[in-house]
Amino acid sequence: MTTFSLTHRFRPSRREARPAARRLRPWYQNRSLVAGLVIVCIMVLLAVLAPVLAPYNPIKQNLNEALQGPSGAHWLGTDKLGRDVLSRLLYGARVDLRIGFLAVIIPFVVGTILGAIAGYFGGWLDIIIMRIVDVFYAFPLFLLVIALVFVLGPGESSIYLAIALVSWVSYCKIVRGEVIVARQQEYVQAARLGGLNNARVLGRHIGPNVISQAITYAMSDIVMDIMVIVTLGYLGLGITPPTAEWGSMIADAQEFITTLWWMAVVPGVAVVITGLGLSLIGDGLTDLLSPERRK
Amino acid sequence: MNRKLVSMVTVGALAVSGAALSGCASSSTKSGGASKSAGAPVHGGNLTIARAQDAKSMNNILTFDNSSIFIFEQIMEPLFTVTADGKATKPLLATGYKVSADKKTYTINLRKGVKFSTGKEMTSADVKFSIDQDTKHASTGWGFINSAIQQVQAAGKYTVVIKLKHAWAPLIADLALFSNAIVPNNYDGKTMAEFYQAPVGTGPFKWGQWKRGEYLKLVANTGYWQKGKPYLDSVTWNVVPDSNTRKLQVQGGQADIDEYPDWSTFKSLGTGSNVIAKTFPSTELDYLAFNEKKKPFQDVHVRRAISAMIDRSAINKAVLFGNGTPANSLLMPGVPFYQKSTPGIMKNDALAKKELAASSVPKGFSTTLLIPSGDASKLSTAQIIQNDLQQYNIKVTIKQLDPTANHNAQQNMQYDMGLSAWTMDIPDPDEWTSFAIDPDGGAKSAYTNYRSAEAIKLNRQAQQSVDHSTRAELYNQLQDVVAHDAPFAFLYYAPYAYGVSDKVQNFNVTPLGNYPLTDVWKSK
């Protein structure tokens, strides 16, 4: 008991030694975060307002106007079937962003819960969960998702399922590591000694302190999910045609890359900008949520 | 031949014959294409062909894919071959044949002095062995084509007698198929597998080197029986999967021929460069197959209605960039007995409405359309069909499977509608008609389960009647029956597209898809 209280007494003084780290700037002064939020908000707005903004029906074919260059009527030209590229780009954002954002929810929740259980209880529970994680980790993410979507059949629901089955492992690993560290800390020890049950300790005391890492990771995970959807669309395994989607737009445009290059470049740039925005948010959140990790 | 006695003098004369040659068998987007086809044939040089896929196997009796066939045809030759227009046969390793009065015995005379690239002379023993080998592998390979053959006899050193089970009109066309090409008796003592590692034949080229996934090289057979040929020293097929790269390679001179240009860039291939974008008449029919094991496609009205909904000229415009022709018949224009007046269903709003109203699903229905993934042309075709059918309240979901899974799904009849194509391998319609309309032939009528007693009867009669005009009449009737029953919606006839450097002379593709390189040469 003596040792315990000694450590206890020393802790606060160590924290006071780094006062600068505790002095948080307000979130709006965090440049990465603001830049990222602006980019992502614009993208989301464009997607949400696509039905208002898009000049044409994205799946309406007009073969007499196929493969036109940019013009007043079609700002980004038309594709092989005479569909307006700008309209398809806007509607494509709806599909890619929707799936990207929604697809992280299940892995986030499942991975976090399993990671917390593994880290908190340890023992055979930890061993079982982490060996399962290792199995999933042994395969490249894309390979596994493509294989799963192939088995499940193309379509939005199989994409959600495939991503959920594969990407929870990252959250699990991250949260487990954080929980193992937190478990040793005094406030947890205190809570447990105070007679709180495990669920309450995990949920109310450890949870809020470890979740920030998972949230930060979720930002880059959305980027990853969008990459997955675009890749699947490109390979013809994603959203079923004629629905507009950035990956299938790139695939459609590939044969014209030497003649009508912008048809492939425009959806490609949209993917890059979205990815950049989300990465900036992730970067900003790292600063905001875990200042003690900042050098 | 004096190699230096070339160009200048004979420019005029050969430019004319060159133009005539390319004019008869092909059309090019560059009218001045013949201007550089200068001089007498020159020996030497390596021909580089950039292609999308590597060959799979050199086994001519078991291999079905074109990227292999086009290569081993340069090594191993059959007794007969196809004329340039693809509609008839002419002797190659044979010199001629006689048919008995009962049409059941063919006596074939072999060409004397033909040697394999090993130096050994070809005799009737080699012919008997080769044809027997093919027949023996009927269940796994092309041997079904020899189903009417009862026996092959080596009657003399240069005479072969073929006895048939019954009269069989397509025999000579069958013997012109690459699977009946002549290889050395008993594979020169090797096993089948060993032999096809480095196959030996009598052809203009012999085995060189194969680095799988990268290139396959053949070198000239200097002892070729057609004296002075081939002109080329060697031919290399390079695997270049990306169509844009192939285009740039042939434009930049790294490759002489682009074997498979995309239609989308086909026109631009020949503009402002030394490449000629060539099309050759083909025997390719692209069609929409209806699986009659699935409802409601067993209903002839549904099939006829859908056939009448599809805008074929739109598909031709969007997918083939106007290079194809809307298809009206089961047979293709490049096939003997093609009937131009066959009443194949074209887009016809009134007919579509009438047939749909008379069908089991007058208010429309939901179904799926199966296509292989990664095929831009089929995806565009599918989306146009989806759009066309939607206007009649038929909701189509496009289902993409990777090419192997797509193939399996079709073979196992696990699809509703599917996009497919057929190209002929022999200059006789029987190969395709038997596959497409005879459900007992093993392919379940090209995987549609279409069964029409009348069509089957007409096809079997046409197989066994040797008289040309009788066969023509039977095939005309057959085409009419199939056009009415619409087991397939015929979509379009597509020509073969090639990007060819203007240095390459005499390069021609037959309607069956093969390109003999015996007469091809490269100007300097």
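Sequence lines set the chain letters: A, B, ... in the order given, protein chains first and strands last, and positions in each chain run from 1.
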Rounded to the nearest 0.5 Å, how far apart are OG of Ser373(B) and CZ of Phe150(A)? 8.0 Å
Hey, mind stepping through Leu379(B) and Lys80(A) against side-chain contact (heavy atoms from CB on, under 4.5 Å) and telling me if it holds? CA-CA 11 Å; Leu379(B) 182 58; Lys80(A) 194 174 171 180; over 6 Å; no
Residue selection (most heavy-atom pairs with chain A, distance under 4.5 Å) from Asn244(B), Asp262(B), Ile398(B): Asn244(B)
Within 6.0 Å of [atom1] in [X], more than 12 heavy atoms from elsewhere:
X: Tyr492(B); atom1: OH; answer: yes
X: Tyr260(B); atom1: OH; answer: no
X: Gln390(B); atom1: CD; answer: no
X: Met224(A); atom1: CE; answer: no
X: Met227(A); atom1: CE; answer: no
X: Leu248(B); atom1: CG; answer: yes

Min side-chain heavy-atom separation [X]-[Y] under 4.5 Å:
X: Arg83(A); Y: Gln383(B); result: yes
X: Thr240(A); Y: Lys399(B); result: no
X: Ser380(B); Y: Leu81(A); result: yes
X: Asp311(B); Y: Leu63(A); result: no
X: Gln61(A); Y: Ile384(B); result: yes
X: Ser243(B); Y: Gln254(A); result: no

Measuring heavy-atom distances to chain A, does [X] have an atom under 4.5 Å in its side chain, in its backbone, in both, or in neither?
X: Asp242(B); result: side chain
X: Ala382(B); result: neither
X: Ile371(B); result: neither

Can a side-chain donor-acceptor contact be found between Lys317(B) and Asn64(A) if the only test is distance below 3.5 angstrom? yes
Contacting moiety of Leu67(A), where chain B heavy atoms sit under 4.5 Å: side chain
Restricting to non-hydrogen atoms, name the atom on Gln386(B) and the atom on Pro242(A) that form the minimum distance, rounded to 0.1 Å. OE1-CD, 3.1 Å
